[in-house]
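Here's the structure, in structure tokens; my notes come after.
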Amino acid sequence: MNYEPIYYEYELPVRFTDLDPYGHVNVSVYLDYVITSRWLFLEKTMGKTVDDLLKTGIAFFTRRSQVDYLRPILFGQIIFVRSFISVSEESKLVVEFEIRDQTKETLHSRGTLEFAVVDIKTQKRTSLPEDAIPYFWKKA
């Protein structure tokens, strides 16, 4: 059966606490925006909670991140984050993302996050179980 990725899309406000001394969003916050947008999309759009995902018996641990910082994000902006899983191999998931302005015209950042899929009980890497597939892909 063929699957296509679910695009996680969510708007987030830029908070004052996200800023560096120059008035730009601190580089460390960009990944927080991506992770937060994915959890909020899961909850608000898919009606699922962290507990629902944990019931599948797996957790995700960040192994690697790569970010291209293209334009600064400033205080007062609303940003639009879009992400999807582009690679799923054995115990690895790769999430590609973009952070744009609210109009979706200006690309502020793009990159990837690589996660290890881990069995919660054994704390060892594992493949994604069948009951977790609907969190990330839909039937084509």
Any chance the side chains of [X] and [Y] put a donor and an acceptor closer than 3.5 Å?
X: Y33; Y: D18; answer: yes
X: E90; Y: S127; answer: no
X: R71; Y: T106; answer: no

Test your reading of the model: is there a side-chain donor-acceptor pair from [X] to the backbone of [Y], 3.5 Å cut-off?
X: E43; Y: L40; value: no
X: H108; Y: R100; value: no
X: D101; Y: K104; value: yes

In one Ile/Leu/Val/Met/Phe/Trp/Tyr side-chain cluster, 4.5 Å: [X], [Y]:
X: Y3; Y: L93; result: yes
X: L113; Y: L70; result: no
X: F115; Y: V94; result: no
X: L128; Y: V50; result: yes
X: F75; Y: V27; result: yes

**Request:** Decide, yes or no, whether a salt bridge links D119 with K124 under the criterion of side-chain N to carboxylate O below 4.0 Å.
**Result:** no

**Asked** Does the distance from a Lys or Arg side-chain N to an Asp or Glu carboxylate O, for R110 and E98, drop under 4.0 Å?
**Response** no

**Message:** Between F84 and Y8, does the ring pair (Phe, Tyr, Trp, His ring centres under 6.0 Å) criterion hold? Intermediate values first, please.
**Reply:** CA-CA 6 Å; F84 68 98; Y8 282 49; over 10 Å; no

**Request:** Taking salt bridge (Lys or Arg N to Asp or Glu O under 4.0 Å) as the test, write out the residues that go with K92, two or more places apart.
**Result:** E89

**Request:** Identify, with sequence neighbours excluded, every residue that meets salt bridge (Lys or Arg N to Asp or Glu O under 4.0 Å) alongside E4.
**Result:** K138

**Geometric cation-pi criterion R82 and Y7, 6.0 Å radius, 45° cone** = yes

Less than 4.5 Å apart, side chain to side chain, heavy atoms only: is that true for [X] and [Y]?
X: S65; Y: L31; value: yes
X: D68; Y: S109; value: no
X: V81; Y: Y10; value: no

**Asked** OG1/T112 to CD/E96 distance, rounded to the nearest 0.5 angstrom?
**Response** 7.0 Å

